[in-house]
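As the structure lists them, so they are numbered: ligands from 1, and atoms in each ligand from 1. Residues: numbered from 1 along the sequence shown. Keep in mind that the numbers below use all heavy atoms, side chains included, and drop hydrogens, waters and symmetry copies.
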Amino acid sequence: MSMLTKRLLSLTLIILITLGSSSGCAPPLPAQKFRLLAFGTYIDVEVIGINQPRAEAARRQLQQDFDLMHHAWHAWEPGPLGYVNASIRDGVQRIAAPPSTLPLIKISQELARQSDYLFDPGIGQLVKLWDFHRGELTSRQPPELEAIDALLSQQPSICQLAVDGFHINSNNPAVQLDFGAIGKGYGVDQAILRLQEMGIDSAIVNAGGDLRAIGSRAGVPWRIAIRGPSGSGVLAWLPVSDNGAVFTSGDYERNFTWDGEFYHHIIDPRTGYPAEGAASVTVLHTDATTADAAATALFIAGPEDWPQIARQMGIDQVLLVDTEGQIHMTEKMQNQVKLRPLTKQPRIVSLPE
Ligand code: ADP
Ligand code: MG
């Protein structure tokens with residue numbers, strides 16, 4: 001065999017091996033995207049590595065799950081939580097609670113305790129007094145100080161409910177449960193669990209900018225945008241791979257102006273008024289339930305006190321923008337986040353021991 005023939009033969013072999021190895025494994029499946037509606041917001045889901053029929057099955061299952069959760073946890077409409085609230089208000093002291101409400105009540109009690117009751121889903125009456133429970137956001141007169149004080153004097157808090165098996169013991173008719181600050185996080189966690197159960201290990205469930213991601217996008221981390229405090233534009237980018245939930249609470253979500261004053265929907269249970277000091281708080285954590293509750297709690301804690309509450313809640317990746325536009329964040333968040341160019345120097349804060 002001549003030298004040239006040998007060379008040609010080995011070249012053919014290399015080409016065959018290369019072809020063989022690429023035809024031996026199927027081409028990667030494209031990302032599948034679908035949109036759901038729940039908790040008054042669109043939920044965008046992206047799943048990697050499954051075919052279209054499986055993605056369609058996932059879409060149907062998730063929409064069904066979200067419909068159930070939405071129905072079960074609506075505070076102000078007839079339904080399981082509506083039933084619990086009506087019973088508390090009517091002075092029923094031992095309530096046979098619908099099972100769909102119990103896990104969320106229990107987990108909320110624990111997170112509320114960790115947050116020193118800054119996150120407190122037992123203050124539904126306050127939210128209602130401020131009229132933030134309704135869909136429309138028109139300008140209106142804020143509640144009278146006397147009405148707020150009268151409610152605060154009754155000390156409504158989720159800590160006044162005691163779960164006992166399938167019963168809830170209640171002795172304060174001023175308590176009303178509103179899961180607006182945690183339900184979306186819990187729902188996102190349930191959706192991720194459901195996808196994992198269906199054999200999906202790379203996905204993102206994005207509920208209007210609050211989200212949880214698992215796996216990666218074909219080996220590349222998911223790239224998450226953090227909204228700026230005004231609610232528009234991107235303040236920063238956060239890569240999330242493997243498993244991470246990113247939740248933001250901001251004063252831009254629901255608010256109104258009256259007589260030149262700005263009022264938003266995150267209420268400080270200590271004062272009965274919208275919390276002061278923070279414009280937005282973003283939390284990165286392994287589960288969405290905790291991230292959601294913590295974003296609300298740290299927003300209320302404000303620019304001075306959030307590190308203590310973060311430590312108590314087991315949170316170490318936080319970015320808070322105060323009402324002056326100053327960014328405060330943990331070192332661990334600083335190591336991950338990519339701030340928009342020309343952003344003012346952030347204040348790096350260590351959490352207390
Ligand atoms: P977003 O609506 O942007 O997700 P949050 O997760 O912070 O924001 O939830 C805010 C909602 O939670 C309010 O609309 C209200 O229904 C409820 N809420 C307000 N203040 C509190 C509080 N201190 N603790 C628990 N829930 C609250
Ligand atoms: Mg929240």
Closer than 4.0 angstrom: is that true for some heavy atom of F132 and an atom of ligand 1? no

Is there at least one pair of N or O atoms, one from A181 and one from ligand 1, spaced under 3.5 Å apart? yes

Whether D292 has an N, O or S atom under 2.8 Å from the Mg ion (ligand 2): yes

Closest protein heavy atom (residue, atom, distance) for atom 21 (C) of ligand 1: I123 CD1, 3.8 Å

Write out the residue and atom name of the closest protein heavy atom to atom 19 (C) of ligand 1, then the distance separating them to 0.1 Å. H265 O, 3.2 Å

For T330 and D316, does a side-chain donor sit closer than 3.5 Å to a side-chain acceptor? no

Quick one: angle T296 OG1 - the Mg ion (ligand 2) - A181 O, to the nearest 10°? 100°

Look only at the side chain of Q176 and the backbone of N85, and say whether a donor-acceptor pair between them is shorter than 3.5 Å. yes

Answer side chain, backbone, both or neither: which part of P269 comes under 4.0 Å from ligand 1, heavy atoms only. side chain

Can you check whether V240 reaches V246 side chain to side chain, under 4.5 Å on heavy atoms? yes

Distance to 0.1 Å, residue and atom name: give those for the protein heavy atom nearest to atom 17 (C) of ligand 1. D178 OD2, 3.7 Å

How about S249: does one of its N, O or S atoms come closer than 2.8 Å to the Mg ion (ligand 2)? no

For R254, is at least one N or O under 3.5 Å away from an N or O on ligand 1? no

